[in-house]
Novice: 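The structure's right below; bear with me while I get my questions together.
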Amino acid sequence: KADVESRLSLGEHFAFHLKTTDGLARLGEIVTPRGVISTPAFMPVGTVATVKALYPEQVGDAGADIILGNTYHLMLRPGAERIARLGGLHKFMRWDGPILTDSGGFQVMSLGKIRKITEDGVAFQSHLDGSRHMLSPERSIEIQCLLGSDIQMQFDECIELPAERREVERAMELSLRWAERSKRAFEAQLVAGGAHRGQALFGIVQGGTDPELRRRSAEALVAMDFPGYAVGGLAVGEGHEAMVATLGETLPALPGDKPRYLMGVGTPLDLIESVRLGVDMFDCVMPTRNGRHGYAFTWNGALNMRNAKYAEDSSPIDELSSCPAARDYSRAYVHHLIKSGEFLGAMILSWVNTVFYQELMAAMREAIANGRFAEWAEATKTQIIRQPA
Ligand code: GUN
């Protein structure tokens, strides 16, 4: 595994290499001192320093090059300063590959209680114990540096849709001012030794489903020159069609030589349609959360393992999967575990789904490399995109 110190002493910086394109779909590599990320990439979500119900070894063996962690949750418990004293997030959770951390902008809105947003930042009460906290661009970057994350996100404000255009515009413009402050804070950390050149800070495009607001947001961020750009504020109630349309209007405003990350997305169909439009990175709780709730993603569509029709089904969950659990455990057994609320049911399906998502990304990368993405997408969609049975 990567020796971060020696790679840094050789001067290794964060970099993105675009290897080939197929239509708008892109095959690339993100290079970090902790390892190379093959793109398009899906990042399993490890919100509280664990990809729920999985050992880090399983996540790596599934094919994930990078995982995601959350500023909001980790600042509340166990605390960023504590993780720093314990040697950083990688060492703490035993994952030595790259980690991207979200800034807290989204989670403070969806989870925090009694929020107060000002120009300075967001004051909120913890969803755990009601204790008072605040997040600003400067504090978010400080926390992400204490965690030691490889890809950090600007602090932003993500609003739920539908919303009034004036409100979308206000949040987008505030997020631009917070982007500048996040960048300044990150650069100060580079000077002070709290961050190094192998780490990167991404900007986040906001602007709802309004093409003009999206374009303004993207252009202002590009002028600030980030090493990567996220599209935020999607999959927040607008629906698949509006999401795809907004992506189609936003991505052309971003530079081709920097990675593009679609935050918090999505279903297998969302991923295929977004890669088709040129997205390089994703994260979503869906494979693990839906797994804990009894859903299996398979190469023959999604299965609801709670369904009584599996009670005496001795066939495997997915014989086409490379995941041992998908081939070795019967549907009847997993149905029983899930119905009984057993931990092993959640563990099996989280593993099956994490492998499925990584296999899906690997298949997309191969299709792009072979110049067959459109054909592959049509064939795959009819095979796997079914409503959960
Ligand atoms: N996760 C999903 N959407 C968003 C967003 O708009 N901003 C941030 N910071 N995280 C997200």
Side-chain angles (χ1 to χ4, degrees), residues 41-48 66-75 99-112 115 117 121-122 124 135-141 143-144 147 149 151-163 167-183 185-186 200-210 213-214 217-218 220-221 226 228-240 242-243 246-247 250-251 254 259-267 270-271 274 279 281-289:
F42 181 84
M43 304 184 276
V45 174
T47 292
V48 296
I66 176 171
I67 61 169
L68 177 143
N70 278 111
T71 293
Y72 171 87
H73 296 79
L74 295 170
M75 75 184 277
I99 298 177
L100 179 147
T101 45
D102 197 359
S103 57
F106 178 75
Q107 288 75 26
V108 88
M109 295 302 155
S110 56
L111 295 170
R115 306 168 292 265
I117 305 175
V122 185
F124 64 96
L135 265 176
S136 61
E138 292 75 20
R139 178 59 181 154
S140 175
I141 297 300
I143 291 169
Q144 295 183 71
L147 298 174
S149 85
I151 302 179
Q152 310 191 1
M153 302 305 299
Q154 74 153 99
F155 193 57
D156 62 337
E157 185 191 355
C158 173
I159 59 171
E160 267 181 44
L161 299 177
E167 176 63 6
V168 178
E169 183 172 29
R170 182 203 56 74
M172 180 275 276
E173 285 181 340
L174 179 63
S175 296
L176 287 179
R177 294 191 295 278
W178 286 357
E180 289 211 15
R181 281 170 55 190
S182 299
K183 187 155 191 275
F186 183 73
L201 172 69
F202 284 16
I204 305 177
V205 181
Q206 292 290 350
T209 53
D210 186 307
L213 295 182
R214 285 281 171 184
S217 174
L221 289 170
F226 284 93
Y229 299 89
V231 181
L234 289 178
V236 288
E238 75 282 2
H240 176 80
M243 184 194 86
T246 303
L247 259 188
T250 306
L251 294 176
L254 296 174
R260 299 133 167 213
Y261 162 29
L262 176 56
M263 307 189 81
V265 174
T267 65
D270 290 334
L271 300 189
S274 304
V279 173
M281 303 164 72
F282 302 89
D283 80 275
C284 191
V285 296
M286 198 167 276
T288 42
R289 180 177 293 164

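Bear in mind the structure is a predicted one, so any value in this text is a computation, not a measurement. Every number for a ligand or one of its atoms is a count from 1 in the order of the listing. Values below: every heavy atom of this structure, side chains too, minus hydrogens, waters and symmetry copies.
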Novice: Is there at least one pair of N or O atoms, one from D102 and one from ligand 1, spaced under 3.5 Å apart?
Specialist: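 D102 vs ligand 1: N/O contact under 3.5 Å present.
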
Novice: Could you see which bit of I204 sits under 4.0 Å from ligand 1, with heavy atoms only: side chain, backbone, both or neither?
Specialist: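 Side chain only.
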
Novice: With heavy atoms of G232 as the reference, note each atom of ligand 1 found under 4.0 Å away.
Specialist: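 That gives atoms 5 (C), 6 (O) of ligand 1.
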
Novice: What atoms in ligand 1 come closer than 4.0 Å to a heavy atom of S103?
Specialist: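 Heavy-atom distances to S103 below 4.0 Å select 9 (N).
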
Novice: How far is atom 6 (O) of ligand 1 from its nearest protein heavy atom, and which residue and atom name does that atom have?
Specialist: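 Ranking protein heavy atoms by distance from atom 6 (O) of ligand 1, first comes G233 N, 2.7 Å.
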
Novice: Under the side chain to side chain contact (heavy atoms under 4.5 Å, CB included) criterion, do T246 and V231 qualify, and how do the steps go?
Specialist: CA-CA 10 Å; T246 303; V231 181; 5.8 Å; no

Novice: Using ring pair (Phe, Tyr, Trp, His ring centres under 6.0 Å) as the criterion, list what pairs up with F124, not counting sequence neighbours.
Specialist: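 Testing F124 for ring pair (Phe, Tyr, Trp, His ring centres under 6.0 Å), a comparison that skips the adjacent residues, returns Y72, H133.
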
Novice: Under the 3.5 angstrom rule, does the side chain of S182 hit a backbone N or O of F155 as a donor-acceptor pair?
Specialist: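 Yes, the answer is positive, given that a donor and an acceptor are paired below the 3.5 Å cut-off.
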
Novice: Does R115 have any side-chain hydrogen bond (donor to acceptor under 3.5 Å, both in side chains) partners at least two apart in sequence or in another chain, and if so, which?
Specialist: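 Not a single residue meets the side-chain hydrogen bond (donor to acceptor under 3.5 Å, both in side chains) criterion with R115.
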
Novice: When you measure from the heavy atoms of Q206 to every atom of ligand 1, does any distance fall below 4.0 Å?
Specialist: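 Yes, Q206 has a heavy atom closer than 4.0 Å to ligand 1.
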
Novice: Tell me whether E167 is salt-bridged to R170, with the criterion being a basic N under 4.0 Å from an acidic carboxylate O.
Specialist: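 Yes, E167 and R170 are salt-bridged.
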
Novice: Near C158, which atoms of ligand 1 are under 4.0 Å from a heavy atom of that residue?
Specialist: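 Under 4.0 Å from C158, ligand 1 has these atoms: 5 (C), 6 (O).
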
Novice: Could you identify the single nearest non-hydrogen protein atom to atom 7 (N) of ligand 1 and state the distance to 0.1 Å?
Specialist: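 Among all protein heavy atoms, the one nearest atom 7 (N) of ligand 1 is D156 OD2, 2.7 Å.
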
Novice: Considering only heavy atoms from C-beta outward, does the side chain of I66 approach that of L100 to under 4.5 Å?
Specialist: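 Yes; the side chains approach each other to less than 4.5 Å.
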
